[in-house]
Amino acid sequence: MSETEPRLAFEDTEYLPAVAQDADSGEVLMLAYVTPEALERTRETGRAHYYSRSRDELWEKGATSGHTQHVEEIRVDCDGDALLYLIEQEGGACHTGYRSCFYRTIDGDVVSEKVFDPDDVYE
C-alpha cells in the first residue's frame, strides 16, 4: 500500500462530492461539494468547509447556525473523485432542522426527529 497522498480528480471536475458521516455512529448526515479551497480550509481548521454551487461561494458548516462539524478524518474513494468526512456533529446537520439531511424515505415517510427549529436559527 502506497503512503503517498491520493490524486484528487479536481482537474476532471470543479467540485468533488463530500459525504459527512458521524464518526461514532456511522450515520450519514449530509452530502455537499468541495473545491480545492474548501478542502484546504477544512484541513487547516479541522471544521468542515464546503462550496455552495447555488450561491457560488465557500462556506463553513455551522458559521450561521452554530451547528458545526468537527472533522476527525478525511477519506478519499479509490478513484479520487469523492470524499468522506468523518465528523463530530454539533446540533443538526440539515438546514431544515433534522440531525441528518436524509430524514425521510423515498415514499415521504419521516424517519427522524427535528433537533432544532430553523425559524429560530435562520432569519
Side-chain angles (χ1 to χ4, degrees):
M1 182 177 209
S2 172
E3 295 293 321
T4 61
E5 281 193 37
R7 175 184 106 29
L8 298 178
F10 283 120
E11 66 274 356
D12 301 332
T13 181
E14 267 184 274
Y15 322 102
L16 297 181
V19 174
Q21 181 180 32
D22 186 285
D24 291 329
S25 71
E27 179 182 20
V28 174
L29 300 175
M30 61 179 275
L31 170 90
Y33 292 89
V34 298
T35 58
E37 182 183 7
L39 179 58
E40 181 180 331
R41 293 284 298 139
T42 297
R43 294 180 79 181
E44 287 174 356
T45 65
R47 295 182 311 275
H49 288 74
Y50 299 103
Y51 189 81
S52 171
R53 297 176 302 162
S54 61
R55 294 189 314 265
D56 192 29
E57 66 183 17
L58 183 73
W59 59 282
E60 179 182 344
K61 178 66 178 158
T64 302
S65 67
H67 299 183
T68 57
Q69 293 177 346
H70 303 278
V71 179
E72 295 184 10
E73 185 176 355
I74 300 172
R75 295 186 186 177
V76 181
D77 81 336
C78 59
D79 296 323
D81 62 1
L83 301 173
L84 175 65
Y85 284 7
L86 296 174
I87 63 154
E88 178 187 331
Q89 177 69 50
E90 298 289 331
C94 186
H95 72 280
T96 63
Y98 291 89
R99 175 161 167 76
S100 171
C101 293
F102 299 96
Y103 64 89
R104 58 190 167 181
T105 70
I106 192 74
D107 296 321
D109 297 326
V110 174
V111 295
S112 183
E113 292 184 30
K114 282 195 171 187
V115 295
F116 72 95
D117 183 345
D119 291 335
D120 292 341
V121 174
Y122 307 106
E123 295 182 33

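Note that the structure is predicted; figures quoted are calculated from it, not measured.
One finds the OG1 atom of T35 at 5.5 Å from the CG atom of L58 (value rounded to the nearest 0.5 Å). The CD atom of E11 sits 10.0 Å away from atom OG1 of T13, with the distance rounded to the nearest 0.5 Å. Atom-to-atom distance recorded for K61:NZ and T42:OG1 is 13.0 Å, nearest 0.5 angstrom. To the nearest 0.5 Å, atom CD of residue Q21 and atom CG of residue L84 are 5.0 Å apart.
When each of H70, Q69, H67 is tested with Q89 by the rule side chain to side chain donor-acceptor pair (under 3.5 Å), just one qualifies, namely Q69.
Counting non-hydrogen atoms of other residues, nucleotides and ligands closer than 6.0 Å to CZ of R7 gives a total above 12.
Counting only residues at least two apart or in different chains, salt bridge (charged side-chain N to carboxylate O under 4.0 Å, His left out) contacts with residues 100-122 are absent. Pairs passing the ring-ring contact (aromatic ring centres under 6.0 Å, His included) check and including a residue from residues 24-49, sequence neighbours excluded, do not occur. Under the salt bridge (charged side-chain N to carboxylate O under 4.0 Å, His left out) criterion, no residue pair touches residues 30-39, with sequence neighbours excluded.
We find that E44 and R41 are joined by a salt bridge, their nearest charged nitrogen and carboxylate oxygen being less than 4.0 Å apart.
In this structure, Y122 has its ring center at least 6.0 angstrom away from the ring center of H95.
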Query raised in the report: Does the pair T105 and V111 meet the rule for a side chain to side chain contact (heavy atoms under 4.5 Å, CB included), with working shown?
Result: CA-CA 7 Å; T105 70; V111 295; 3.6 Å; yes
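Cluster partners of I106, using a side-chain heavy-atom cutoff of under 4.5 Å among ILVMFWY residues and allowing indirect links: none. Grouped by direct or indirect side-chain proximity (heavy atoms under 4.5 Å, Ile/Leu/Val/Met/Phe/Trp/Tyr only), Y98 sits with Y103, V110. With side-chain heavy atoms closer than 4.5 Å counting as contact, directly or through intermediates, the hydrophobic cluster containing V34 also holds L8, F10, L16, L29, M30, L39, Y50, W59, V71, I74, V76, L83, Y85, I87.
Between V115 and G91 the shortest heavy-atom distance is CG2-C, 4.3 Å.
At least one donor-acceptor pair closer than 3.5 Å links the side chain of S100 to the backbone N or O of V28. Between the D77 side chain and the A82 main chain, a donor and an acceptor come within less than 3.5 Å of each other.
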